[in-house]
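Following: one structure in structure tokens, then a few remarks.
These numbers come from the heavy atoms of this one structure, side chains and all, not from hydrogens, waters or symmetry mates. Just so it is clear, the structure is predicted and the values come from calculations on it, not from any experiment. Note on naming: letters A, B, ... go to the chains in the order of the sequence lines (proteins, then strands), and numbering restarts at 1 for each one.
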Amino acid sequence: MASVARVLIDTPLPQLDRLFDYAIPLALADQVVPGVRVTAPLRAEGRLADGLVVEVGDTSDFDGALTPLESVVSAARVLAPEVWALARRIADRQAGSANDVLRLAIPRRSVAVERKWLAQGAPREVPRAAHPVAGYEGGVIESAVDDGGRVALRSLPGVVELADGSWVGRWAVTLAQAAVRAVIDGRTAILAVPDYRDQEQLEAVLSTMVPAGTVASLDARRTNAQRYAAFLSCLAHPDDSGHTPRIIVGNRSVVYAPAAELGLIALYDDGDPLFAEPLAPYAHARDVALVRQQQQGGALIFAGHTRSVEVQRLVELGYLHDVAPVPLVTPKVVPTAAQQQRQAGDGGRVPSAAFRTATEALQAGPVLVQVGRPGYVSLLACRRCGQAARCTSCAGPLQLSSARSVPSCAWCGRIAGDWACSECNNTSYRMVTRGSGRTAEELGRAFPGTRVIVSDGDRPLTHAPGEPHTLVVATRGAEPIAAGGYAAVILLDGEWMLQRESLHVGDDCLRWWSNAAALAAPGAPTVLVGVGGPLAQALTLWQQHSYAAAQLVDRRALGFPPALRVASVTGKPAAVQAALDALGDVPVRDVLGPAALPAEGPRALDDDFVRAIVRFDYAHGDAVAAALRGAIVRQATGGRRPPAGRKRGRPAPTLRIKLDDPEIL
DNA sequence: AGCACGCCGACT
DNA sequence: GTCGGCGTGCTC
């Protein structure tokens, strides 16, 4: 019987991010098993810390008397061995703590839910019926699932009706079929999607293929109790030695779900920024999936209508296999020249070609109009000289919230009823950019007798009716699925969307447009308004991977990710300098900065913070992460306390390190 | 984070 | 000669 337990203490302190050995008291001998929650004395007599048993054994490297564990919290083995290995690796890779990773991997405990699960376990339904993966060369995806293949999958555009009459994207059917293949084989599949609307589609498809107990949904929208119940249902029950195959669906953190026998881990639309984890240690779900597949085996699929530059790089390295539909299915995309004549009467937004397309299509079915901006009017300008209208107190942009409202500042909210142009003192303004609300209003007038539906970030719709004379105005990313597919898709604000200053505007726009075009009915036109060049070409030819390949060439030339890796180091100047010094002789490509943080948005961040960016090759990732991690630990221990006396809520971390932050540069 | 250990100024 | 200041350092 094991006498030593190796425990991860639940603490945010970076210097305690390692395993501590404890003696196992005889009374607890048969309860202390890997994965259970325990309490253990730490440092001072009587002070108890929570922890997780990572492993048990009979020896310890610690020379000193081992303190005995205090108690076992419950019999649930919430830290599965494969999740521990993943959390440790991800933390090390990101210069962070395993505890921070585990916060994403293990939901908060709910005693009632846990008691119920311990008493009755989880359903063990295993699906019987196979669902061959349709639309691809026979057996390509099946053999990837069977043999642990790694695939960059070009999803099928279009929508499909399910047995219950609801409609989903065809991409969801493909992933569900692949997942069923894995569970029939007795293994678990993890399907990660950017947001809950994608998740609903997967759940809808899966409900027609497998018994309900086979699917576990782990996403942030559920209550903690629901999430914990779903989480427990994926674990091995204490009374039961076997692994329970599951299809686990969820958003970005589902990549950490417990799956002892991993058959498949798949991401849909990996370029979506929602896959970037905003919590420390900021690991991108794509990277986690890559690491996990390497550790645990099973198949890896990155599916989507576009190709992220990161995935394209892996395809070119030969690490992922590019798989396209057979026969090729491509939406019909019609670009329009940049300076097209505008139709009168609709606010001048829709060029005449697109207007004609929409008018015609509305007779046959619903028409989708994708706009760039939510809200009503997001930018005003002087009617006389064209100067942008800005708030007099904070210089934020002025906006309108409805037809009759007074302009107000988008940043500070101040009402600007007395606005006058700062250049020419004129007091009348015009609308420069229109949001979904204003566009809907204008289009309603332009297409009389049409029902106009708005779907935006605030109130996104999942589904839209498939009836003619229905105009759906949606902001990019919030497009509902129309029954039967749209009779036409108009992509309106491309020109404006491309103006954003960012390394990946092009990728983002292509992704938004492609995802909207994928909602069209077979043969229905998608009109891209006012955009030409390689982006329009990639969309028209449905060759998003070619665009990604060209982007990768550019990134290599510029030395930008994913051609190489980057770490951003943010904090007080002294802390940043210490972190950079800690890099010592690690062979980094170069260090940009430190420089003052760019003042962005309504409020400038901590004004005395600086940021440096370290660029390095993939080969030196471990060394860079280890060095920066050392700086974090030193700064947490060595550093002086805040000037004595005051007790503030949170001593803001003075050093923040992000590896591979997609928003950098 | 806490909390103990440790080496310099006023004290019964 | 001690009691205690909170500057460093450790937590099995």
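- Near DNA chain B, meaning a heavy atom under 4.0 Å away, there are no residues from residues 20-30 of chain A.
- Comparing B/dC3, C/dC12, C/dT11 against the side chain of A/R47 picks out B/dC3 as the nearest.
- Here C/dT11 presents its P atom at 11 Å from CG of A/D63, a figure rounded to the nearest Å.
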Only pairs under 3.5 Å count here: list side-chain donor-acceptor contacts from residues 254-279 of chain A, not counting sequence neighbours, and write none if there are none.
{"residue": "A/D269", "atom": "OD2", "partner": "A/R511", "partner atom": "NH1", "Å": "3.4"}
{"residue": "A/D269", "atom": "OD2", "partner": "A/N515", "partner atom": "ND2", "Å": "3.1"}
{"residue": "A/D270", "atom": "OD2", "partner": "A/R286", "partner atom": "NE", "Å": "2.7"}
{"residue": "A/D270", "atom": "OD2", "partner": "A/R286", "partner atom": "NH2", "Å": "3.1"}
{"residue": "A/D270", "atom": "OD2", "partner": "A/S308", "partner atom": "OG", "Å": "2.6"}
{"residue": "A/D272", "atom": "OD1", "partner": "A/L274", "partner atom": "N", "Å": "2.8"}
{"residue": "A/E277", "atom": "OE1", "partner": "A/R252", "partner atom": "NE", "Å": "3.1"}
{"residue": "A/E277", "atom": "OE2", "partner": "A/L279", "partner atom": "N", "Å": "3.0"}

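- To the nearest angstrom, P of C/dC12 lies 12 Å from CG of A/L48.
- The pair A/D622-A/R89 meets the salt-bridge criterion, since a charged nitrogen lies less than 4.0 angstrom from a carboxylate oxygen.
- Distance from the side chain of A/L16 is smallest to C/dT11 among B/dC3, C/dC12, C/dT11.
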Distance-only donor-acceptor pairs under 3.5 Å for side chains of residues 583-593 of chain A, two or more places apart:
{"residue": "A/R589", "atom": "NE", "partner": "A/D617", "partner atom": "OD1", "Å": "3.3"}
{"residue": "A/R589", "atom": "NH2", "partner": "A/D617", "partner atom": "OD1", "Å": "2.6"}
{"residue": "A/D590", "atom": "OD1", "partner": "A/R615", "partner atom": "NE", "Å": "2.9"}
{"residue": "A/D590", "atom": "OD2", "partner": "A/R615", "partner atom": "NE", "Å": "3.4"}
{"residue": "A/D590", "atom": "OD2", "partner": "A/R615", "partner atom": "NH2", "Å": "2.8"}

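- Among the atoms of the strands shown, base atoms are found under 4.0 Å from some heavy atom of A/L13.
- Annotation: salt bridge (Lys or Arg N to Asp or Glu O under 4.0 Å) contacts involving residues 54-82 of chain A, sequence neighbours excluded, comprise A/R6-A/E55.
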Could you pull out all donor-acceptor pairs under 3.5 Å where a side-chain atom in residues 33-40 of chain A meets a protein atom, sequence neighbours excluded?
{"residue": "A/R37", "atom": "NH2", "partner": "A/Y228", "partner atom": "OH", "Å": "2.8"}
{"residue": "A/T39", "atom": "OG1", "partner": "A/S71", "partner atom": "N", "Å": "3.4"}
{"residue": "A/T39", "atom": "OG1", "partner": "A/S71", "partner atom": "OG", "Å": "2.6"}

* Stepwise salt bridge (Lys or Arg N to Asp or Glu O under 4.0 Å) test for A/E203 and A/R221 -> CA-CA 14 Å; A/E203 287 165 350; A/R221 281 195 110 223; over 6 Å; no
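- Distance CZ (A/R18) to C1' (C/dT11): 7 Å, rounded to an integer number of Å.
- In this structure, A/L42 atom CG and B/dA4 atom P are separated by 13 Å, rounded to whole Å.
- At whole-Å resolution of the value, CG in A/D10 and P in B/dG2 are 13 Å apart.
- The CG atom of A/N99 sits 15 Å away from the P atom of B/dA1 (whole-angstrom rounding).
- Atom CD1 of A/I9 and atom P of C/dC12 are 8 Å apart (whole Å).
- The separation between A/R634 atom CZ and C/dG9 atom P is 13 Å, rounded to whole Å.
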Per-pair distances, 0.1 Å, donor-acceptor, side chain in residues 93-101 of chain A, under 3.5 Å, sequence neighbours excluded:
{"residue": "A/R93", "atom": "NH2", "partner": "A/D287", "partner atom": "OD2", "Å": "3.4"}
{"residue": "A/R93", "atom": "NH2", "partner": "A/D660", "partner atom": "OD2", "Å": "3.1"}
{"residue": "A/Q94", "atom": "NE2", "partner": "A/P281", "partner atom": "O", "Å": "3.1"}
{"residue": "A/Q94", "atom": "NE2", "partner": "A/Y282", "partner atom": "O", "Å": "3.4"}
{"residue": "A/S97", "atom": "OG", "partner": "A/R629", "partner atom": "NH2", "Å": "3.1"}
{"residue": "A/N99", "atom": "ND2", "partner": "A/I9", "partner atom": "O", "Å": "2.7"}
{"residue": "A/N99", "atom": "ND2", "partner": "A/T11", "partner atom": "O", "Å": "3.4"}
{"residue": "A/D100", "atom": "OD1", "partner": "A/R103", "partner atom": "NH2", "Å": "3.0"}

